[in-house]
Asks: 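Below you will find the structure I want to go over with you.
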Amino acid sequence: MKKTKIVFVLTAIIMIALACVSCVPSRDACKTKYENAGYKTIPLSALELELSGEDVDFIYCGTNEKSGDYIRIVCFKKKDKATEYTERMNVEYEDGEYKVEQQSRVVLIGTQNAFDLYNNKGGDGGGNSDGE
């Protein structure tokens with residue numbers, strides 16, 4: 001009975017750990033997703049956005065020239081730093097030029113279509129629904 005409890009607890013811990021890791025997509029997976037949808041992706045350094053390199057895992061932006069869609073993805077190491085950056089970006093983009101959204105440690109800035117692509121809700125970025 002004791003071994004069963006230990007196995008159950010360890011299994012639960014592993015599942016929770018995997019769930020937490022899967023919340024933040026990898027840099028390469030996101031980059032590939034946007035490139036496949038016709039976006040040109042560019043990595044950015046933390047310094048370019050006046051951020052500390054110690055706080056950031058990765059940053060890149062994607063632009064789809066055909067549709068005009070844009071996204072900047074900033075992945076922080078800690079959620080509190082992501083929240084600070086989100087608050088700063090909400091002030092910067094309060095005019096509605098771009099939407100700002102925080103998803104755990106990731107901050108997204110861009111157009112709705114680019115957000116939809118990030119969230120796997122379509123957003124092909126190029127008007128490809130007519131077979132182009």
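Every value quoted in this text rests on a predicted model; they were computed, and no experiment measured them. Computation of the quantities below employed the complete heavy-atom set of this structure, encompassing side-chain atoms and omitting hydrogens, waters and symmetry-equivalent molecules.
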Asks: Test of understanding: clusters of I, L, V, M, F, W, Y form through side-chain heavy atoms closer than 4.5 Å, transitively. Do M89 and Y60 belong to the same one?
Replies: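 Unlinked, M89 and Y60 end up in two clusters.
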
Asks: Any chance CD of Q112 has more than 12 other-residue heavy atoms, nucleotides or ligands included, within less than 6.0 Å?
Replies: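 Count over threshold, so yes.
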
Asks: Tell me whether V107 is reachable from F58 by hopping between hydrophobic residues (I, L, V, M, F, W, Y) whose side-chain heavy atoms are closer than 4.5 Å.
Replies: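 Different clusters.
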
Asks: Going by heavy atoms in the side chains, are N119 and Q103 under 4.5 Å from each other?
Replies: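 Yes, side chains in contact.
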
Asks: How would you list, by chain and number, every residue that makes a side chain to side chain donor-acceptor pair (under 3.5 Å) with T32, sequence neighbours excluded?
Replies: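 T32 satisfies side chain to side chain donor-acceptor pair (under 3.5 Å) with no residue once adjacent residues are dropped.
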
Asks: Sequence neighbours left out, what passes salt bridge (Lys or Arg N to Asp or Glu O under 4.0 Å) with E101? Give chain and number order.
Replies: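 Salt bridge (Lys or Arg N to Asp or Glu O under 4.0 Å) list for E101, sorted by chain: K99.
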
Asks: Check L117 against A37 and note the closest heavy-atom contact, atom names and distance.
Replies: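 Heavy atoms only, the tightest pair is CD2-CB, 3.5 Å.
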
Asks: Ignoring hydrogens, what is the shortest heavy-atom contact between S104 and A82? Give both atom names and the distance.
Replies: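 Closest approach of S104 to A82: O-CB, 3.8 Å.
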
Asks: For the CG atom of L49 and the CD1 atom of I59, what is their distance to the nearest 0.5 Å?
Replies: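 Reported value, rounded in 0.5 Å steps: 4.5 Å.
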
Asks: So do K77 and D55 actually touch side chain to side chain, heavy atoms under 4.5 Å?
Replies: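 No, their side chains stay 4.5 Å or more apart.
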
Asks: Would you please name every residue forming a ring pair (Phe, Tyr, Trp, His ring centres under 6.0 Å) with Y85, sequence neighbours left out?
Replies: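 Scan of Y85 (ring pair (Phe, Tyr, Trp, His ring centres under 6.0 Å), adjacent residues dropped) gives F76.
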
Asks: Nearest heavy-atom pair of G68 and T111: which atoms, and what distance?
Replies: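 Closest approach of G68 to T111: O-CG2, 4.3 Å.
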
Asks: Show your working on side chain to side chain contact (heavy atoms under 4.5 Å, CB included) between K79 and Q102 and close with a plain yes or no.
Replies: CA-CA 9 Å; K79 188 176 178 180; Q102 180 179 349; 3.8 Å; yes

Asks: For a side chain to side chain contact (heavy atoms under 4.5 Å, CB included) check, start with the C-alpha distance between D57 and R105, then their side-chain angles and the critical distance, and finish with the verdict.
Replies: CA-CA 10 Å; D57 274 336; R105 298 183 298 118; 3.0 Å; yes

Asks: In terms of hydrophobic clustering (I, L, V, M, F, W, Y; side-chain heavy atoms under 4.5 Å; direct or indirect links), are F115 and V106 co-clustered?
Replies: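 Yes, one cluster joins them.
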
Asks: With hydrophobic residues grouped by side-chain heavy-atom distances under 4.5 Å, do L108 and I42 end up in a single group?
Replies: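 No: no chain of side-chain contacts under 4.5 Å links L108 to I42.
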
Asks: Within the side chain of Y118, is there an N or O that forms a donor-acceptor pair under 3.5 Å with the backbone of I73?
Replies: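 Checked: no pair found.
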
Asks: Indicate if L51 and V100 have the same hydrophobic cluster label, given that clusters are the connected sets of ILVMFWY residues with side-chain heavy-atom separations under 4.5 angstrom.
Replies: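 Same cluster: L51 reaches V100 through Ile, Leu, Val, Met, Phe, Trp or Tyr contacts under 4.5 Å.
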
Asks: With sequence neighbours left out, which residue pairs that include part of residues 29-49 fulfil the salt bridge (Lys or Arg N to Asp or Glu O under 4.0 Å) condition?
Replies: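 For residues 29-49, and leaving out neighbouring residues, the salt bridge (Lys or Arg N to Asp or Glu O under 4.0 Å) pairs sorted by first residue read K31-E35.
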
Asks: Nearest 0.5 Å, what's the CG-CD1 distance between D116 and I71?
Replies: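 One gets 9.5 Å once the value is rounded to the nearest 0.5 Å.
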
Asks: Using the test side chain to side chain donor-acceptor pair (under 3.5 Å), find all partners of Y98 that sit at least two apart in sequence or belong to another chain.
Replies: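 Testing Y98 for side chain to side chain donor-acceptor pair (under 3.5 Å), a comparison that skips the adjacent residues, returns none.
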
Asks: Report yes or no: does Y70 contribute a side-chain atom to a donor-acceptor pair with the main-chain N or O of C61 at less than 3.5 Å?
Replies: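 Answer holds: no.
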
Asks: List the atom of N64, the atom of K66, and the distance in Å for their closest heavy-atom pair.
Replies: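 For N64 versus K66, the nearest heavy atoms are OD1-N, 3.0 Å.
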
